[in-house]
Amino acid sequence: MEINFIPIDYDYFDFNGRNYAKIIGRDEKGREVCLIDECDVYFWAILHEGVNDKKIMKIREKIEKIVVEKEARTSRVLKTEVHDKNYLGKKVKAIKIFVTNFKDSHAIADEIDFKEINKRREYDLGFITKYVLERKLKPLIWHKIEGEILNNNEFGGIVNSLDVDLCLRAEKINELEKQLEFKPRILAYDVETDDFEIGKGQIVMISLVGENFKKVLSFKKNSKKTYVEMFKDEEEMIKGFIKHVKKYSPDILVGYFSDGFDLPYLRARAEKNGFKLNLGLDNSQPVFSRGAMLTGKIRGIVHIDLLKFIKTAYSQYLTSETLSLNDVASELLGEKKLDFEFKHSSKLNPDEWEKYFEYNLQDSVLTYKLSEKAWPDLMEFSKVMQEPLFDISRDGMSSNVENYLIHNLSRFNEIIEKRPLADEIGERRMRERYEGAFVFQPKPGLYENICFFDFTSYWPSIIVTFNLSKSSFLGSEKEKNTLEIDIGKKKVYFSKEPEFFSEMLKEIIEKRKQYKKEYAKNPNPFTKARSNAFKLLANASYGYQGFFGARYYCPEASAATTAISRDFTKKTIELINKRDYEVIYSDTDSIAFKLNKHSKKEALELLEEINKNLPGIMELDLEDFYKRGIWVTKRTGEFGAKKKYALIDEKEKLKIRGFETVRRDWCDLSRETQNKVLQDILKDGNEKKALTYVKEVIKKLKERKIPLNELIIRTQLKKPIEEYKAEGPHVTIAKKMKEQKMPIDIGMLIEYFISEPEKHQKTKNGKAKGPIRERARLPEEKGEYDVEYYLKNQILPAVENIFEVFNVSAKELVDGKKQMRLGDF
DNA sequence: GGTCCTGCGTTACC
DNA sequence: ACCGGTAACGCAGGACC
């Protein structure tokens, strides 16, 4: 039998001690297909240099006799072969050791401790990764499969228990030259519960949204809404949920924070009610991986927690201040969650019940729409990294870089480096920090006619141009014809021979350029997503080499990369100044300068001149021209503050960096006031209007005409309350919330305002004393906001450095009297 | 009780 | 723990007078 097949979910099982891949996907008619396949399972023993053939034969004989007994399973070596391979770019002889079961690779590798063996590698790869490498059945790519239909009790009945349309034993696998269309069946879900702690309260309702499919399942309250389905009790409702999922037969079941809440909650309630949450295509329950972060896996259905993917793939592009469903949906979809104030279900009136149903449904609607929006990125990530959707939807960028490397190393005949072990990770984490980017000390002031240059993919371009990686790193010993880099404390050396890391990174950068062009020519979500995947890979490659968990960890390469970048940036600044421009700022890969008497055209000619002299793939680019820009002093000291400036371009568009305006831990009033001030000043360079505006705000504040919601301060709780050495206001509030049984989670934004000091919180002269946290109040708590605090700690700090540029002091701001001091008003 | 300094903590920039 | 270093700045908390 022959079918066209697109693999979606990858799994494996053991039968008679051997490993089999079990892949769920679709054929072109949309039928759900299960493919059973197997592949060679092996790892490598790399020989020391100069071991003779006779010795190798002896070692092979010994290896071939290895038998390991483990968990009622006997694993053995099937055969060995000798190959010429590369390891970290160097030619090596290696013994390829084929074993019966990949799970015992490690145990068998442990038995191979002969002195002729230098390293053992690739016993730490996951089976699915190995399988994709060996059989080249790549995720979300259409393949032509030749195979035999399985329908009886083959493989001990595993096949028979599967709820699929067709089950095939794969024989031949070939990628289709012309790829077909594929649109996954996606089902979004969301649960509402009576308690926030997993499994503690009942699940009140469950919503499900798919294509032309909307349901809210409940057992507590009837509704006239047609999408609400009633059940007798919680157990029946959850069983109804399972039935709907099975009937809809989704490729992807998607939730928002569902790894951490919805799925474990469903599982816990099923357990409490004494039945199985048999969502899997083989009727298995979801499997939760242990570890810091839970992940819920359902066999045969790809369970995706969209929050995790949004974190790695989108958060750098999002301006929303949290990654809550509401914030993300309103930014990406322009749609919000419905308003609903949480109440225990026993306290809801009929009206509130109806609202609750709508609210619950809307959460799934948003999750569904977000998943449709994210689908091109999910698909391209999976295709580029060649790992299943389940994994890439949860992986961080370091894993993505590593997976890309792993799946492309065979082109270099490379044996894959091992993952660091726990003690090695510990050591790596202890290492000293290396020096990073150069940041120019700006002179405070208002500048006109500014030009910004930036280096395109600066660090990646340096890694490629200078060949900086673990496999080119030669240590601290000087050799002939090597690259010497001074990284501060010592000199390090790199080979000039091209090697796989920089070669691959070069490809990544080229592909990014190519797909970017393709997207410009033919804009569609998939070309955009592909271009973006390569962009993110290139950007993460530098961080990867300095990341303690990386297989190809090389902090010396990272240190050399930043050392070279500092050098080029400083040299370029010198050159620009020498040409009678004036550099006013620079951070990492960007340089800002005044055009002075030069024209824009001349600046572009200068750019060309600089580019002619840049080596390799390094490239300086025009970022933009700006009409005006402002740099301010640091709050302490008279120097210009780094990473804090505001620009306005020729279309009057503001670009604000680092200012309180863009910091979420300042109250809205100070952020908005500062924003207005920057706008007024940059638009026509006139500070008078801004001054009037600020005075108006101060007046309103003093008269208490500013509503409390503009004075709420939001700070994220970053760790468990007990772990704080210094208790800031947000920690005090978090404690208070916990006492009031409000849900407290790490990562939450804690909201509070500062209230007026009570009698015991004042000094004799009536000034506030003691820690500020003691005056922090929950937004709904009683008490007046403290005008003095907001003036001194929120409004003035946000604007005084800006006015200082115009020689307007903070004293004048408050009431115009010159002799008054900052705090007196 | 006030001032100064240092370290913690958060959030930004690139 | 889940990519790196650089930097600003509020607040807590202790030293010092």
Side-chain angles (χ1 to χ4, degrees), chain A residues 291-293 295 308 311-312 316 321 394-402 419-420 422 425-426 428-429 431-442 454-455 457-459 536-550 552-553 555 557-559 561-563 565-566 569 585-590 623 632-637 639-645 655-666 713-719 723-732 749-750 754 763-765 767 769-776 789 792-794 797-798 801:
Chain A
M293 269 299 171
T295 57
K308 283 191 177 146
K311 255 187 206 163
T312 49
Q316 70 171 120
E321 275 162 21
R394 289 170 177 79
D395 282 343
M397 279 316 294
S398 70
S399 296
N400 288 330
V401 171
E402 194 152 284
R419 199 186 292 134
I425 289 178
R428 289 178 178 189
R429 297 189 66 201
R431 81 162 158 80
E432 271 181 67
R433 291 166 73 118
Y434 57 83
E435 199 180 333
F438 166 70
V439 188
F440 188 93
Q441 176 84 65
D454 62 11
F455 288 95
S457 304
Y458 200 21
W459 285 339
L536 290 176
L537 272 181
N539 288 345
S541 62
Y542 155 77
Y544 172 79
Q545 298 205 86
F547 168 51
F548 55 78
Y552 294 101
Y553 174 72
S558 307
T561 307
T562 55
S565 83
R566 292 191 298 273
T569 302
Y585 189 61
S586 165
D587 186 348
T588 314
D589 61 352
S590 70
E623 199 258 335
V632 299
T633 50
K634 288 211 303 177
R635 186 104 54 245
T636 49
F639 297 116
K642 297 172 176 180
K643 299 187 186 290
K644 230 178 151 176
Y645 59 92
K655 181 174 167 181
I656 300 176
R657 293 290 118 100
F659 273 110
E660 284 75 4
T661 302
V662 298
R663 291 183 62 95
R664 70 169 177 200
D665 54 350
W666 284 72
I713 299 165
R714 297 172 189 86
T715 314
Q716 195 183 19
L717 193 72
K718 308 263 287 186
K719 53 186 179 183
E723 281 176 31
Y724 280 91
K725 281 182 206 155
E727 184 180 333
H730 73 297
V731 182
T732 309
L749 272 191
I750 305 291
I754 302 301
T763 63
K764 276 172 245 159
N765 352 336
K767 276 189 167 180
K769 66 164 186 184
I772 284 165
R773 61 159 180 264
E774 287 171 9
R775 293 189 285 132
Y789 171 84
K792 250 175 74 179
N793 297 43
Q794 292 279 327
N801 296 353

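Quick note on labels: first sequence line is chain A, next is B, and so on, each numbered from 1. We use all heavy atoms of the structure for the numbers below, so side chains are in, but hydrogens, waters and symmetry mates are not.
Checking the phosphate oxygens (OP1, OP2) of B:dC14, no side-chain nitrogen or oxygen of A:T588 falls inside 4.0 Å. Proximity of A:Y458 to the phosphate of C:dG5: no side-chain N or O atom is located under 4.0 Å from OP1 or OP2. Phosphate contact (OP1/OP2 of C:dA7, side-chain N/O of A:Y585, threshold under 4.0 Å): absent. Contact check, A:K767 against B:dG2: no side-chain N or O comes under 4.0 Å of OP1 or OP2. A:Y645 has a side-chain polar atom (N or O) that falls below the 4.0 Å cut-off from OP1 or OP2 of B:dC14. Between A:N539 and B:dC14 there is no side-chain N or O to OP1 or OP2 distance below 4.0 Å. For B:dT10, neither phosphate oxygen OP1 nor OP2 lies less than 4.0 angstrom from any side-chain nitrogen or oxygen of A:K719. Of the side-chain N and O atoms in A:R773, none sit less than 4.0 angstrom from OP1 or OP2 of C:dC11.
Residue A:E435 has its side chain nearest to C:dT6 when only C:dG4, C:dG10, C:dT6 are considered. The side chain of A:D665 has B:dT11 as its nearest neighbour among C:dG4, B:dT11, C:dA7. Comparing B:dT10, C:dA8, C:dG4 by their nearest atom to the side chain of A:H730 picks out B:dT10. Among B:dT11, C:dC9, B:dC14, the nucleotide with an atom closest to any side-chain atom of A:R635 is C:dC9. For A:R431, the listed nucleotide lying nearest its side chain is C:dG4; candidates were B:dC8, C:dG10, C:dG4. Side chain of A:D589, nearest nucleotide from C:dG4, B:dC14, C:dG10: B:dC14. In the set B:dC14, C:dC9, B:dT11, the nucleotide with an atom closest to the side chain of A:Q716 is B:dT11. Distances from the side chain of A:W666 to the nucleotides C:dG5, C:dG10, C:dC3 place C:dG10 closest. Checking B:dC13, C:dC2, C:dT6 against the side-chain heavy atoms of A:F547 singles out C:dC2 as nearest. Considering only the side chain of A:L749, B:dT11 comes nearest among B:dT10, C:dT6, B:dT11.
A side-chain donor-acceptor contact under 3.5 Å links A:Y458 and A:T569. A:W459 and A:S565 share a side-chain donor-acceptor pair at under 3.5 Å.
Note on A:V662: only backbone sugar-phosphate atoms sit closer than 4.0 angstrom, heavy atoms only; bases stay farther off. A:N793 comes within 4.0 angstrom of sugar-phosphate atoms only, judged by non-hydrogen atoms across all strands, and of no base. Contact annotation for A:S399: no contact, since no heavy-atom pair falls under 4.0 Å across all strands. Within 4.0 Å of A:Y434, counting heavy atoms only, lie sugar-phosphate atoms of the nucleic acid but no base atom. Among the protein residues, A:G546 comes within range of the sugar-phosphate backbone only, with heavy atoms under 4.0 Å from sugar or phosphate atoms but none that close to a base. Residue A:G543 is classed as a base contact, given a heavy-atom separation below 4.0 Å to a base. Residue A:A437 is classed as a sugar-phosphate contact, given heavy-atom separations below 4.0 Å to backbone atoms only. Here A:Q545 lies out of heavy-atom contact (under 4.0 Å) with every strand. Counting non-hydrogen atoms under 4.0 angstrom, A:P555 reaches nothing in the nucleic acid.
One finds no salt bridge joining A:E321 and A:R663 here, because no Lys/Arg side-chain nitrogen approaches an Asp/Glu carboxylate oxygen to under 4.0 Å. Ion pairing between A:E774 and A:K769 fails under the 4.0 Å rule for side-chain N and carboxylate O.
Taking atom P in both C:dC3 and B:dG9, the straight-line distance is 22 Å, to the nearest Å.
Toward the 5' end of DNA chain C, the nearer of the two residues A:T562 and A:Q441, judged by each one's closest nucleotide, is A:T562.
Atom CZ in A:R429 sits roughly 12 Å away from atom P in C:dC3 (whole-Å rounding). One atom, NZ of A:K643, and another, C1' of B:dC13, lie 4 Å apart when rounded to the nearest Å. One interatomic measurement links the two molecules: NZ of A:K769 to C1' of C:dC11, which rounds to 18 Å at whole-angstrom precision.
For A:R663 against B:dT11, a side-chain N or O and a base N or O form a donor-acceptor pair under 3.5 Å.
Under a 3.5 Å cut-off, the side chain of A:Q716 and the backbone N or O of A:I750 do not form any donor-acceptor pair. The main-chain N or O of A:E402 is never found under 3.5 Å from a side-chain atom of A:Y552 such that the two would form a donor-acceptor pair.
Heavy-atom minimum distance, A:P420 versus A:F548: CG-O, 3.7 Å.
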